[in-house]
Amino acid sequence: MFVDANGLYHLYYQYNPTANVAGNQHWGHATSGDLFTWTNQQIAIFPGSAVEGVFSGSAVIDANNTSGMFPNQTNGVVAIYTINTPQRQTQDIAFSYDGGYTFKKYENNPVLSPGGTNPTQFRDPKVIWYQPTQSWVMAVAYPVDFVVGIFTSTNLIDWTPASNFSRYGLSGLQYECPNFVEIRVENATNGESNFRWAMMISINPGAPLGGSISQYLLGDFNGTHFVPDDAITRLTDFAKDNYAGQFFYGIPSDQDQISIAWASNWQYTNVVPTAGQVVGDGFRSVMTVPRGHYLKDLPRQGLTMVSYPVNLDKVIDRELAANSSLGNGTLFVDYSQVESGALYFEANITGLSGSDSLKGTFNFTALSSASGESVSGGMILPADSIVWLNRGKTNGFENPLFTDKFSYGALYNPNGDGAFRLSGIIDRSIIELFFNGGEAAATSVFFPTRPLDTLVLSARGLNETATASVAVWSLKASWMNQADSNDTVLGNVTTSGNSTLSKRSMELF
Ligand SMILES: *[C@@H]1O[C@H](CO)[C@@H](O)[C@H](O)[C@H]1NC(C)=O
Ligand SMILES: *[C@@H]1O[C@H](CO)[C@@H](O)[C@H](O)[C@H]1NC(C)=O
Ligand SMILES: *[C@@H]1O[C@H](CO)[C@@H](O)[C@H](O)[C@H]1NC(C)=O
Ligand SMILES: *[C@@H]1O[C@H](CO)[C@@H](O)[C@H](O)[C@H]1NC(C)=O
Ligand SMILES: *[C@@H]1O[C@H](CO)[C@@H](O)[C@H](O)[C@H]1NC(C)=O
Ligand SMILES: *[C@@H]1O[C@H](CO)[C@@H](O)[C@H](O)[C@H]1NC(C)=O
Ligand SMILES: *[C@@H]1O[C@H](CO)[C@@H](O)[C@H](O)[C@H]1NC(C)=O
Ligand SMILES: *[C@@H]1O[C@H](CO)[C@@H](O)[C@H](O)[C@H]1NC(C)=O
Ligand SMILES: *[C@@H]1O[C@H](CO)[C@@H](O)[C@H](O)[C@H]1NC(C)=O
Ligand SMILES: *[C@@H]1O[C@H](CO)[C@@H](O)[C@H](O)[C@H]1NC(C)=O
Ligand SMILES: *[C@@H]1O[C@H](CO)[C@@H](O)[C@H](O)[C@H]1NC(C)=O
Ligand SMILES: *[C@@H]1O[C@H](CO)[C@@H](O)[C@H](O)[C@H]1NC(C)=O
């Protein structure tokens, strides 16, 4: 993912144009000015033969012609990706002269051949520009060795091994999709750096809740070595449908970095009931909403990567209901008439003044008035605050690995402003929760048999000094106005490349 000089966001994604399951990987492509309303673009990178897959990677803008491939332009894009074959995985590159829409593969690929203990296990290059040494830096996974290799290059073609970051954090059974990024520290105190580096490593399988999840370590990077500040692994999500998050290339380090992750879990992504057997019949898998990130010093936990939905104002439709002094009350919102079927809600428990005031509960329930199915969650204030989520009361998908319930425990922050906050984005088959403006986040897909159409927000047993302020908005539909009479958004029908392609469909939300 990268953002170009005009502020247009480019997202390349793992795409199988010939089946509704993973496989036959291509780089699909979509662009957006606001990170919510996307335009399907032509497939960006095709496999070179029937046995190749174009796996994950990254893209950068070679504004200074470091590669020598862009004599007369400052918007040259270089894609760096893994080519997977049954024998090996290599890192290849391709050049785009039209700002990222079409790519010409480098004639002397690969630029990196496998090392490690297994030639089929070397993938997911993430490349950044490191200003202090005027060098490109790649982080790439040796998955089964639990190693992130760091390589440097002056021209994106010749890569030199610089160091290995090995066996940190949770290993699971594989490391995948390493990402690293410099993130600003909000309100750094004297002696604290204004920036830390986050090394994000996705693991699959072997996540604590099963399957796939992403973790990150915070530390320092000097152009060749990443040195973590501590041995603590932190998770980006407390549910289990947030994997392989990637950061956009091209966002200045003094701004909040932006990531998008894949909202699913390898344990069940190929069998979820949003698609049938035929290509074009539904969709499988969605992306998370874009997340903005900064680092915040939390009680006991220390520096934590805050993840909040960025640019949400671009998709807010209208306020459906609000109550700034709900007290121990309940708010019902019928949203059956909301065209997108998608909502955003906020609930702030305010007026807290220390641990004695942490009383009561706050709950939300999004339910189907037709079937009674629901997705619910809330905050339990005593014991500081626990945030929970339950997707188990939906009946559209039965799978032993489709975990029902998730929770996260926080500490009351005496230096905060006396509040606990919960916000959520509820789409037709995915919910994303943000606690305290994103100090913790949960991403969870869910599959009711009938649409959810009623939201209930309620607080009970709050301390007499506390109240709840709640509001609910409908969200705009970002794909519906692109749909045809079959409610399908067709991608580009592409005939170039080596694959025979048919139309594809995207989720209508
Ligand atoms: C197809 O791709 C072209 C060029 O990449 C783009 O301009 C156009 O908007 C795309 N069409 C659709 C329906 O997404
Ligand atoms: C491009 O060149 C400028 C001036 O030398 C330098 O500051 C910048 O870091 C370079 N950026 C890239 C991506 O090459
Ligand atoms: C870009 O690099 C190529 C190869 O090094 C060189 O021939 C060309 O002059 C460069 N163009 C610019 C504008 O620096
Ligand atoms: C680059 O621009 C120069 C000056 O306009 C021109 O002579 C040259 O042919 C161009 N090179 C390429 C590769 O387009
Ligand atoms: C990094 O680890 C890989 C995989 O174990 C190994 O092949 C490679 O030689 C190591 N590189 C360095 C620079 O230590
Ligand atoms: C940082 O400090 C400013 C000014 O005191 C405050 O408004 C802001 O909420 C703080 N940010 C965080 C994340 O605590
Ligand atoms: C970068 O850090 C490593 C590990 O601490 C150290 O060995 C190396 O000398 C450092 N490089 C530079 C250029 O400071
Ligand atoms: C409400 O909070 C105040 C301030 O912390 C505390 O003194 C009081 O005992 C709490 N009330 C109840 C009923 O717990
Ligand atoms: C929230 O749900 C929990 C668990 O079902 C229940 O114990 C609690 O009373 C509920 N609180 C509210 C405010 O509805
Ligand atoms: C909420 O309920 C608690 C416990 O029943 C009570 O102490 C508190 O005063 C109530 N708050 C309001 C605003 O009614
Ligand atoms: C909740 O708190 C946030 C942060 O202070 C504020 O921006 C938002 O307007 C509040 N929402 C409601 C519904 O009170
Ligand atoms: C809608 O689907 C039907 C049945 O598959 C098909 O015949 C028709 O061409 C489709 N309409 C459009 C606009 O694609």
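Along the sequence shown, residues are numbered consecutively beginning with 1. Ligands are counted one by one from 1 in listed order, and the atoms in each one are counted from 1 as well.
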Revision key, fill the gap. Protein neighbours of ligand 6 with a heavy atom under 4.0 Å, given by chain and number, are Glu186, Asn187, Tyr294, Lys296
Review point. For ligand 2, is there an N or O atom under 3.5 Å from any N or O atom of Thr66?
Key: no
Practice item. Within a distance under 4.0 Å of any heavy atom of Gln131, pick out the atoms of ligand 2 and give their elements. Key: 7 (O), 8 (C), 9 (O)
Point to revise | Sub-4.5 Å side-chain heavy-atom contact between Val54 and His26 | key: no
Review point. Rounded to the nearest 0.5 Å, how far does CG of Leu303 lie from OH of Tyr294?
Key: 12.0 Å
Check your understanding: Can you list every pair that meets ring-ring contact (aromatic ring centres under 6.0 Å, His included) and has a residue in residues 140-160, with sequence neighbours left out?
Key -> Phe122-Tyr142, Phe146-Tyr175
**Study point:** Asp62 side chain to Asn65 side chain, donor-acceptor N/O pair below 3.5 angstrom
**Key:** no
Review point. Given that the side chain starts at C-beta and the backbone is N, CA, C, O, which of these parts of Thr224 lies under 4.0 Å from ligand 7, counting heavy atoms, or is it both or neither?
Key: side chain
**Study point:** Side-chain heavy atoms of Asn164 within contact of Ile150, under 4.5 Å
**Key:** no
Practice item. Sorted by first residue and then second, give each salt bridge (Lys or Arg N to Asp or Glu O under 4.0 Å) pair with at least one member in residues 342-360; sequence neighbours left out. Key: none
Practice item. Say whether Trp136, considering both its backbone and side-chain N or O atoms, lies within less than 3.5 Å of an N or O atom on ligand 2. Key: no
Exercise for review: Look at the aromatic rings of Trp262 and Tyr243 and report parallel, tilted or perpendicular, splitting at 30° and 60°.
Suggested key: perpendicular
Review point. Should you measure from each heavy atom of Asn222, which atoms of ligand 7 turn up under 4.0 Å away?
Key: 1 (C), 2 (O), 3 (C), 8 (C), 10 (C), 11 (N), 12 (C), 14 (O)
Review point. Which of the numbered atoms in ligand 7 are below 4.0 angstrom from a heavy atom of His225?
Key: 1 (C), 2 (O), 3 (C), 4 (C)
Check your understanding: Between His10 and Phe2, how do the two ring planes meet: parallel, tilted or perpendicular, split at 30° and 60°?
Key -> parallel
Point to revise | Partners passing side chain to side chain contact (heavy atoms under 4.5 Å, CB included) against Thr154 (at least two apart in sequence or in another chain) | key: none
